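Given the structure is predicted, the values throughout are model-derived calculations rather than measurements.
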Amino acid sequence: MAGLLDALSEPFKKLDDAVEQELVKLAIAIASQLIRRELKSEPGEIVAVVREAIKVLPLAAQKVTVNLHPEDAALVRSALKLDESMPPWRLQEDPLLSRGGCIVETEVSRVDASVESRLAAVIANVLGGDRREDVEK
């Protein structure tokens, strides 16, 4: 009888796993849409993203290149003109990057502050690091 009950409960375990997988995908999709919407309403947030990514680099970092989506690069350039101080790094446009993120590179370092990697880090943190592969799918 116990074997029969276990056999009957197995499909429910698989269903629970499938529902969990779909809920994770739905949460990721909703978060991605919210990020895109926020960037449309506050596009200047990219400046903060760039500054945070550069802060992660070692203080002695040289030849810093900030890769940005072309529209974000224009926003950062205009924000830097307002600051009156030109930073010691160069902007490079990369149309393959999603808006709202950047990749900062030096000769020895690379900081991936793309929307996708930041979202993956948050989701992995929330889910205990067990679901990073779900984000990459």
Engineer: To the nearest 0.5 Å, how far apart are NZ in Lys25 and CD in Glu20?
Structural biologist: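 Rounded to the nearest 0.5 Å, the NZ-CD separation comes to 12.0 Å.
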
Engineer: Inspect the contact between Glu105 and Arg90 and indicate whether a charged nitrogen and a carboxylate oxygen are less than 4.0 angstrom apart.
Structural biologist: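 Salt bridge flag = no for Glu105 with Arg90.
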
Engineer: Taking Val115's backbone N and O only, do any of them form a donor-acceptor pair with Ser98's side chain (distance below 3.5 Å, no angle check)?
Structural biologist: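 Side chain of Ser98 to backbone of Val115, a donor-acceptor pair under 3.5 Å: no, none is there.
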
Engineer: Given side chains that start at C-beta, do those of Val104 and Thr65 come closer than 4.5 Å, heavy atoms only?
Structural biologist: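 No, side chains not in contact.
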
Engineer: Does any non-hydrogen side-chain atom of Val50 lie less than 4.5 Å from one of Trp89?
Structural biologist: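 When only atoms from C-beta onward are counted, Val50 and Trp89 do touch, with a gap below 4.5 Å.
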
Engineer: Going through the checks in order, is the side-chain contact (heavy atoms from CB on, under 4.5 Å) test met by Ile46 and Val76?
Structural biologist: CA-CA 7 Å; Ile46 186 62; Val76 171; 4.0 Å; yes

Engineer: Taking atom CG of Asp94 and atom NE2 of His69, what is their separation to the nearest 0.5 Å?
Structural biologist: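 The CG atom of Asp94 sits 9.0 Å away from the NE2 atom of His69.
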
Engineer: Is it the case that the side chain of Ser109 and the backbone of Thr106 share a donor-acceptor pair, with hydrogens and angles ignored and the cut-off at 3.5 Å?
Structural biologist: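 Looks like no, no N/O pair under 3.5 Å.
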
Engineer: Quick check: do Gln92 and Leu68 have side-chain heavy atoms less than 4.5 Å from each other?
Structural biologist: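 No, side chains not in contact.
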
Engineer: So which heavy atom on Val66 is nearest to which on Cys102, and how close?
Structural biologist: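 Taking Val66 first and Cys102 second, the nearest heavy atoms are CG1-CB, 4.2 Å.
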
Engineer: So if you build clusters from Ile, Leu, Val, Met, Phe, Trp, Tyr with side-chain heavy-atom gaps below 4.5 Å, do Val108 and Ile54 land together?
Structural biologist: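 No.
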
Engineer: Would a single hydrophobic cluster contain both Ile103 and Val56, if residues Ile, Leu, Val, Met, Phe, Trp and Tyr are joined by side-chain heavy-atom contacts under 4.5 Å?
Structural biologist: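 Shared cluster, no.
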
Engineer: Is there a side-chain contact between Arg118 and Val49 (heavy atoms, below 4.5 Å)?
Structural biologist: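 The answer is yes; the side chains approach within 4.5 Å.
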
Engineer: Is any side-chain heavy atom of Asp72 less than 4.5 Å from a side-chain heavy atom of Pro70?
Structural biologist: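 Not in contact.
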
Engineer: What I'd like to find out is whether the side chain of Leu75 reaches to under 4.5 Å of the side chain of Val47, using heavy atoms alone.
Structural biologist: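 No. Closest side-chain heavy atoms not under 4.5 Å.
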
Engineer: Are any non-hydrogen side-chain atoms of Asn67 and Leu97 less than 4.5 angstrom apart?
Structural biologist: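 The answer is yes; the side chains approach within 4.5 Å.
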
